[in-house]
Amino acid sequence: MAAQSYDLIVIGSGPGGYVAAIRAAQLGLKTCVVEREHLGGICLNWGCIPTKALLRSSEVFHLMERAKEFGLSAGKVGYDLDAVVQRSRGVANQLSGGIGHLLKKNKVTVVMGEGTIPAKGKVSVKTDKGSEELTAKNIIVATGARARELPGLEADGDLVWTYKHALLPPRMPKKLLVIGSGAIGIEFASFYNTLGADTTVVEVMDRVLPVEDAEISAFAKKAFEKQGMKIMEKSMVKQLDRAKGKVTAHIEAGGKIEKHDFDTVISAVGIVGNVEGLGLEALGVKIDRTHVVTDEFCRTGVDGVYAIGDIAGAPWLAHKASHEGVMVAELIAGKHAHPVKPESIAGCTYCQPQVASVGYSEAKAKELGYDVKVGRFPFIGNGKAIALGESSGLIKTVFDAKTGELLGAHMIGAEVTELIQGYVVGRQLETTEEDLMQTVFPHPTLSEMMHESVLDAYGKVIHM
């Protein structure tokens, strides 16, 4: 049988993969998606979406416990962990099914199976029915990434979990250790801590959420500790001794090793790219520390082969992958494509309180040689925040003192993962402080704090 021929084959159907396929089809390219496991990839099935569903349940639980503050009364507040998880899986399944509908609607062929690239322009797919051979002038690799596992700290699904195990917990942890305080680690720490787990977070760097502005990290640490979490910074888990129903962690801090017992450990120490078994290196594609090396247009250096999303390196964010998918599809179709700028992509962490940022931190801006103006505004000064019962938080903005360019924005508090987009648009439009100052923000809203933070940077703040 002759190989099926396409204009574009996308290997992987995560946010970058399926978006690339749909955009390519819209542009008239005959397109095929090869997926080995679940349509929608990790994000829809085991990442962004189901974790947010879990966190929403814990947020509602937390609010129910605070009912008296709002003049309300409620009986004994409790939760059913199995039901919480079932809702999360239902949300993920609904969206995964939606991806299949969108691909079909746009006449994208889907082949379920494991794809490899035996030669340039060729994809071989191992399916349940055997092997299927495909050809295409252009191939996009969008196979994503998986949890990094350190020697001796490997997950077993019982005592030691990765994010996948944490999404389908066999039990509610009583005493939980979370290794790593990036977005994944802190989100799970926040979820389980809110539901009553005695939670300890160990971070090898000198502060939690180490990619965030130092001021935001410090604010977050205080908030987490107030919620009962134990935060251990500049610390490292050296060894895990596993016994029946118990894990003894050897934690090095300050040059000394202490032993602490837990019933559950979540390892969240980063990710590794899914580069194995694709045939990339034989093609001449360069791989650096499990990630494909690309240029700003996601080209690998091998003609007709592109890599997008987590496999192509940081920032490891679904929205970055999606925009790379659109960019590459348009590039292949001969359109004028604009490269994605990592420094203008927002990062969001959905812990309690939420954290969001875009652009440079104050320290990074100074390191790059900018003379900066910095503005801050606390949630306690905002009427809507007080009315919501969410008066703890901070918005911080960083400007170039010479040009007024918005260099960065950093937030912690209620709904900041929604608010941050205002500053993202500002950076995309090359907004200056003058533009932001003259913009009228609606009242009463949390967004007014964004205005006040800008005003503060230039000594014009009103409500502080």
Test D263 against K246 for salt bridge (charged side-chain N to carboxylate O under 4.0 Å, His left out), laying out the working first. CA-CA 5 Å; D263 64 64; K246 183 180 80 170; over 6 Å; no
So, T300 side chain and V305 main chain: donor-acceptor pair closer than 3.5 Å or not? yes
With a 6.0 Å cut-off (strictly less than), is the heavy-atom count around CD of Q428, excluding the residue itself, greater than 12? no
Minimum side-chain heavy-atom gap L177-I266 below 4.5 Å: no
Flag side-chain contact, heavy atom, 4.5 Å: E114 against V125: no
Can a salt bridge be assigned to the pair E187 and K52 using a cut-off of 4.0 Å between side-chain N and carboxylate O? yes
Less than 4.5 Å apart, any side-chain heavy atom of M172 and any of L195? yes
Listed partners of H319 passing ring pair (Phe, Tyr, Trp, His ring centres under 6.0 Å), at least two apart: none
Any donor-acceptor pair under 3.5 Å linking the side chain of D435 with the backbone of T431? no
Show the atom names and distances, to 0.1 Å, of all donor-acceptor pairs under 3.5 Å that link a side chain in residues 11-32 to residues at least two apart or in another chain.
{"residue": "S13", "atom": "OG", "partner": "E35", "partner atom": "OE1", "Å": "2.8"}
{"residue": "S13", "atom": "OG", "partner": "H38", "partner atom": "O", "Å": "3.3"}
{"residue": "S13", "atom": "OG", "partner": "G40", "partner atom": "N", "Å": "3.1"}
{"residue": "R23", "atom": "NE", "partner": "E330", "partner atom": "OE2", "Å": "3.0"}
{"residue": "R23", "atom": "NH1", "partner": "Q26", "partner atom": "OE1", "Å": "3.1"}
{"residue": "R23", "atom": "NH2", "partner": "E330", "partner atom": "OE2", "Å": "3.2"}
{"residue": "K30", "atom": "NZ", "partner": "S5", "partner atom": "O", "Å": "3.1"}
{"residue": "T31", "atom": "OG1", "partner": "L29", "partner atom": "O", "Å": "3.0"}

With side chain to side chain donor-acceptor pair (under 3.5 Å) as the test, would you mind laying out the steps for T264 and R171 before giving the verdict? CA-CA 9 Å; T264 309; R171 65 181 178 280; 2.9 Å; yes
Just by distance, do the side chain of N106 and the backbone of V108 share a donor-acceptor pair under 3.5 Å? no
So do the side chains of L8 and Y6 get within less than 4.5 Å of each other, counting heavy atoms only? no
Do T127 side-chain atoms and K129 backbone N/O form a donor-acceptor pair below 3.5 Å? yes
So, S190 side chain and I186 main chain: donor-acceptor pair closer than 3.5 Å or not? no
Is the number of heavy atoms from other residues, nucleotides or ligands within 6.0 Å of CD (E37) greater than 12? yes
Side-chain (S96) to main-chain (L39) donor-acceptor, under 3.5 angstrom: yes
For the residue pair H250 and E252, confirm or rule out a side-chain donor-acceptor distance under 3.5 Å. no
Counting only heavy atoms not in M112, do more than 12 sit closer than 6.0 Å to its CE atom? yes
Would you sort out whether E233 and K221 count as a salt bridge (charged side-chain N to carboxylate O under 4.0 Å, His left out), showing the intermediate values? CA-CA 10 Å; E233 298 163 325; K221 180 183 178 182; 2.9 Å; yes
Inter-residue atom distance K104.NZ - I99.CD1, 0.5 Å rounding: 15.0 Å
Only one of Y79, Y192, F191 forms a ring-ring contact (aromatic ring centres under 6.0 Å, His included) with F61, so which one is it? Y79
Please indicate whether E154 has more than 12 foreign heavy atoms, meaning atoms of other residues, nucleotides or ligands, lying under 6.0 Å from its CD. yes
Tested for side-chain contact (heavy atoms from CB on, under 4.5 Å) against V358, the lone hit among M411, R427, E343 is R427
Is a side-chain N or O of T143 found less than 3.5 angstrom from the main chain of N274, in a donor-acceptor match? yes
Is a salt bridge present between E276 and R146, judged by a nitrogen-to-oxygen distance below 4.0 Å? yes
Using every non-hydrogen atom in the two residues, find where I420 and C348 come nearest and quote the distance to one decimal. CG2-SG, 4.1 Å
Show, in sequence, the C-alpha distance, side-chain angles and deciding distance for K320 and E324, and conclude whether the salt bridge (charged side-chain N to carboxylate O under 4.0 Å, His left out) test is met. CA-CA 6 Å; K320 172 251 196 185; E324 286 178 337; 3.3 Å; yes
I'd like to check T397 versus M450 (side-chain heavy atoms, cut-off strictly below 4.5 Å). Are they in contact? no
Is any NZ, NE, NH1 or NH2 atom of the basic residue among K366 and E362 found under 4.0 Å from an Asp or Glu carboxylate oxygen of the other? yes
From the list I332, V328, I9, L331, side-chain contact (heavy atoms from CB on, under 4.5 Å) with N138 holds only for I332
Any salt bridge between E133 and K122, counting N to O under 4.0 Å? no
Qualifying residues under ring pair (Phe, Tyr, Trp, His ring centres under 6.0 Å), relative to F399, sequence neighbours excluded: Y458
Is it the case that more than 12 heavy atoms not belonging to K175 sit under 6.0 Å from its NZ atom? yes
Go through the steps to decide whether R87 and S57 satisfy the test side chain to side chain contact (heavy atoms under 4.5 Å, CB included), and finish with yes or no. CA-CA 9 Å; R87 176 182 181 272; S57 292; 4.2 Å; yes
Stepwise side chain to side chain contact (heavy atoms under 4.5 Å, CB included) test for T403 and T432: CA-CA 8 Å; T403 66; T432 66; over 6 Å; no
Roughly how far apart are L317 CG and S322 OG, rounded to 0.5 Å? 10.5 Å
Should L446 and L419 count as side-chain neighbours, where that means a heavy-atom distance under 4.5 Å? yes
A quick test of your reading: do over 12 heavy atoms of other residues, nucleotides or ligands sit less than 6.0 Å from NE2 of H165? yes
Check whether the ring centres of W316 and H291 lie less than 6.0 Å apart, and answer yes or no. yes
Could you walk me through whether K174 and D198 pass the salt bridge (charged side-chain N to carboxylate O under 4.0 Å, His left out) check? CA-CA 6 Å; K174 293 179 180 176; D198 179 357; over 6 Å; no
Side-chain (D7) to main-chain (K137) donor-acceptor, under 3.5 angstrom: no
Between the side chains of E212 and S357, does any donor sit under 3.5 Å from an acceptor? yes
Does the distance from a Lys or Arg side-chain N to an Asp or Glu carboxylate O, for K364 and E367, drop under 4.0 Å? yes
Assess whether side chain to side chain contact (heavy atoms under 4.5 Å, CB included) is satisfied between H260 and F262, documenting all intermediate values. CA-CA 7 Å; H260 299 270; F262 302 90; 3.5 Å; yes
Using side-chain heavy atoms (C-beta onward) and a distance below 4.5 Å, is V292 in contact with V285? yes
So, taking the atom named CD in E59 and the one named CG in L54, what distance separates them when rounded to the nearest 0.5 Å? 13.0 Å
T51 (side chain) donor-acceptor with C48 (main chain) under 3.5 angstrom: yes
Determine whether F188 and C351 make a side-chain contact, defined as any pair of heavy atoms from C-beta on separated by less than 4.5 Å. no
Without swapping roles, check the side chain of Q227 against the backbone of Q352 for a donor-acceptor pair under 3.5 Å. yes
Checking Y350 against T417 for the side chain to side chain contact (heavy atoms under 4.5 Å, CB included) test, could you report, in this order, the C-alpha distance in whole Å, the side-chain angles of both residues, the deciding distance, and whether it holds? CA-CA 7 Å; Y350 299 81; T417 57; 3.4 Å; yes
